Number of protein chains: 2
Amino acid sequence: MTRNPNMREAILSAAESLFSTRGFNAVSIRDIALEAGANPGSVTYHFKSKDGLLLEIYKRHCGPMNKRRIELLVAARRVRDVQDRLEAVVRAYVQPAFSSSSDLAGGGARFTRLRAVMSAEGNAVVGRIIAEIFDDTTNAFIEAIEQSLPHLPRRTLVWRSQFLLGALYYTLVNPERVTRLSRGEADGADMAEAIEQLVSATVAALQAPDINGQAAAEPAAKAGARKAPAGSRSRTA
Amino acid sequence: MTRNPNMREAILSAAESLFSTRGFNAVSIRDIALEAGANPGSVTYHFKSKDGLLLEIYKRHCGPMNKRRIELLVAARRVRDVQDRLEAVVRAYVQPAFSSSSDLAGGGARFTRLRAVMSAEGNAVVGRIIAEIFDDTTNAFIEAIEQSLPHLPRRTLVWRSQFLLGALYYTLVNPERVTRLSRGEADGADMAEAIEQLVSATVAALQAPDINGQAAAEPAAKAGARKAPAGSRSRTA
DNA sequence: TTTTCTTTTGTACAGATGTACAAATTATCA
DNA sequence: TGATAATTTGTACATCTGTACAAAAGAAAA
């Protein structure tokens, strides 16, 4: 058989594909080797260990993705209209998670799905990376959102950013659910629609009044001050 | 050692705890037995196999949880005020996922976290259950929401229900992130606050105009018809 | 008590797993 | 070309995995 000139890449890609759908523990090095058309020994040769392979996948994607995010964030911050700016900021966060600008096979969606799965599995190797690499970028976004919605406390924005990331992850992990529940009206794997739906829903969620009974988000949206949530922090009975 | 009169329960509880934090594949039957203070053989005696154990966990929780959801939904549908009704419907969906009314140890949050982890791992055993058991309940909620927001297409409501579930899951899977990013201002493990934040954000998201450039959700919210999302379905550049 | 049923224990086994390593193969460059 | 380095292969090993099953222990009923 002719030798694959980029076996390293093939292994990375195969591992990414398998990890992102089955999780870390359910995939063996032999599975990866088979998928990549490589010998199992070749995997440990290139990446030392299974953990090392996972680490390399992160190293490969984190840089380009967060770089792209910051680029888009800088551009978004320059948008004049308050409403448009907020939307642009959210889009700058979401878009690179779905399609990476880099030419890495599989695009950004596969890597984001992998991150979702790893986070659910509580993967130890990944735990540290997340806090070290991603929190900086996330903070930059929260600050940008804070600028558009200065009346909202940071804690509320953090909660809503949490919901955004959860929605993002779950959409990539379980797109069939959208297709199924919409009875074919929508396709959960349609990334373009996913982005638009996610951005518009998130912008609205961010603009909601604070749970402590604060006025609406922006002067333009005259939703009127609403009462505190009925039965706040107690059962609904 | 004195014999545990409810070893079956102890095993179920231990398995639930371990599966919900480490995932299905990373936990061995021996791990579960150790945690439960049981003999490994005892696990297969009670539940036949590892899959059988997982199945039993689902059987245990699905009924009570969805029963409670439907109870709360029925009550929510009777709320007169449109805004309050929508909020009550969302709360009826969210609340039982956090704290089960049944007296099963660990409450509903642990089981919901388990569901989140299983969904991320793409667990085959669970795959069928989800579609069979949960879709009915979810459809009932979507229809209730449709009634409050009749101008929105079903596909959009499905997308937003997807985001709700994702936000819910991720909050239970990764609460530390909220604590970390808010710099101690908020506690991600505070389920009461999680519910309030999630409900208020979701209600706002549901009321957002449709992505195809439709008017705002309800007459009371005079946000004014907004333009279609800038650069819809294309890159933000 | 004795008998019968239920539960727990301990052991065993076939297969899979991560990893190490020497040998074989292929590429690179003098 | 030949020499050196980089990669791939095949095999081996200790450990862990799910599961089966017989023996032991305990509970329940006679």
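Within every chain, numbering begins at 1; the chains are lettered A, B, ... in the order of the sequence lines, protein sequences first and strands thereafter. All values reported here derive from a predicted model rather than from experimental measurement. Side chains included, hydrogens not; waters and symmetry mates left out as well; all remaining heavy atoms used.
- The two atoms that bring A/Trp159 and B/Asp187 nearest to each other are CZ2-O, 3.7 Å, heavy atoms only.
- Each of A/Ser28 and B/Ile11 was assigned the nucleotide of DNA chain C with the nearest heavy atom; the assignment lying further toward the 5' end belongs to B/Ile11.
- If you take CZ of B/Arg30 and P of D/dT19, they are 11 Å apart, rounded to a whole angstrom.
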Sequence neighbours excluded and cut-off under 3.5 Å, please list the side-chain donor-acceptor pairs for residues 171-178 of chain B, or say none.
| residue | atom | partner | partner atom | Å |
| --- | --- | --- | --- | --- |
| B/Thr171 | OG1 | B/Ala167 | O | 2.8 |
| B/Asn174 | ND2 | B/Tyr170 | OH | 2.8 |
| B/Arg177 | NH1 | A/Gln162 | OE1 | 2.8 |

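- Across all strands shown, B/Val27 has heavy atoms under 4.0 Å from sugar-phosphate atoms exclusively, and none from any base.
- With a 6.0 Å cutoff to the six-membered ring centre and a 45° limit on the axis angle, A/Lys50 counts as a cation-pi contact of A/Phe24.
- Here D/dA20 presents its P atom at 15 Å from CG of B/Asn39, a figure rounded to the nearest Å.
- Within the 4.0 Å cut-off from OP1 or OP2 of D/dT7, at least one side-chain nitrogen or oxygen of A/Tyr45 is found.
- Closest heavy-atom contact between A/Val43 and A/Ala33: CG2-CB, 4.3 Å.
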Original post:
After noting the C-alpha distance and the side-chain angles of B/Glu56 and B/Lys48, does the key distance pass the salt bridge (charged side-chain N to carboxylate O under 4.0 Å, His left out) rule?
Top reply: CA-CA 11 Å; B/Glu56 194 58 35; B/Lys48 186 76 181 168; over 6 Å; no
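- In this structure, the CE atom of A/Met7 is 11 Å from the C1' atom of D/dT9, given to the nearest Å.
- In this structure, CG of B/Leu53 is placed 15 Å from P of D/dT17, rounded to the nearest angstrom.
- To the nearest angstrom, P of C/dT17 lies 11 Å from CD1 of A/Ile32.
- Atom CG of A/Leu18 and atom P of C/dT17 are 12 Å apart (whole Å).
- Judged by distance alone, the side chains of A/Asp135 and A/Thr138 never bring a donor and an acceptor atom under 3.5 Å apart.
- A pairwise comparison of heavy atoms in B/Pro96 and B/Arg91 identifies CD-O, 4.1 Å as the closest pair.
- Summarising the geometry, the separation between CG on A/Leu54 and C1' on C/dG18 is reported as 15 Å, rounded to the nearest angstrom.
- For the helix from C/dT2-D/dA29 to C/dC29-D/dG2, the end axes, each set by the C1' atoms of five terminal pairs, are bent relative to each other by 10° (nearest 10°).
- The distance between atom NE2 of B/His46 and atom P of C/dT9, rounded to the nearest whole Å, is 10 Å.
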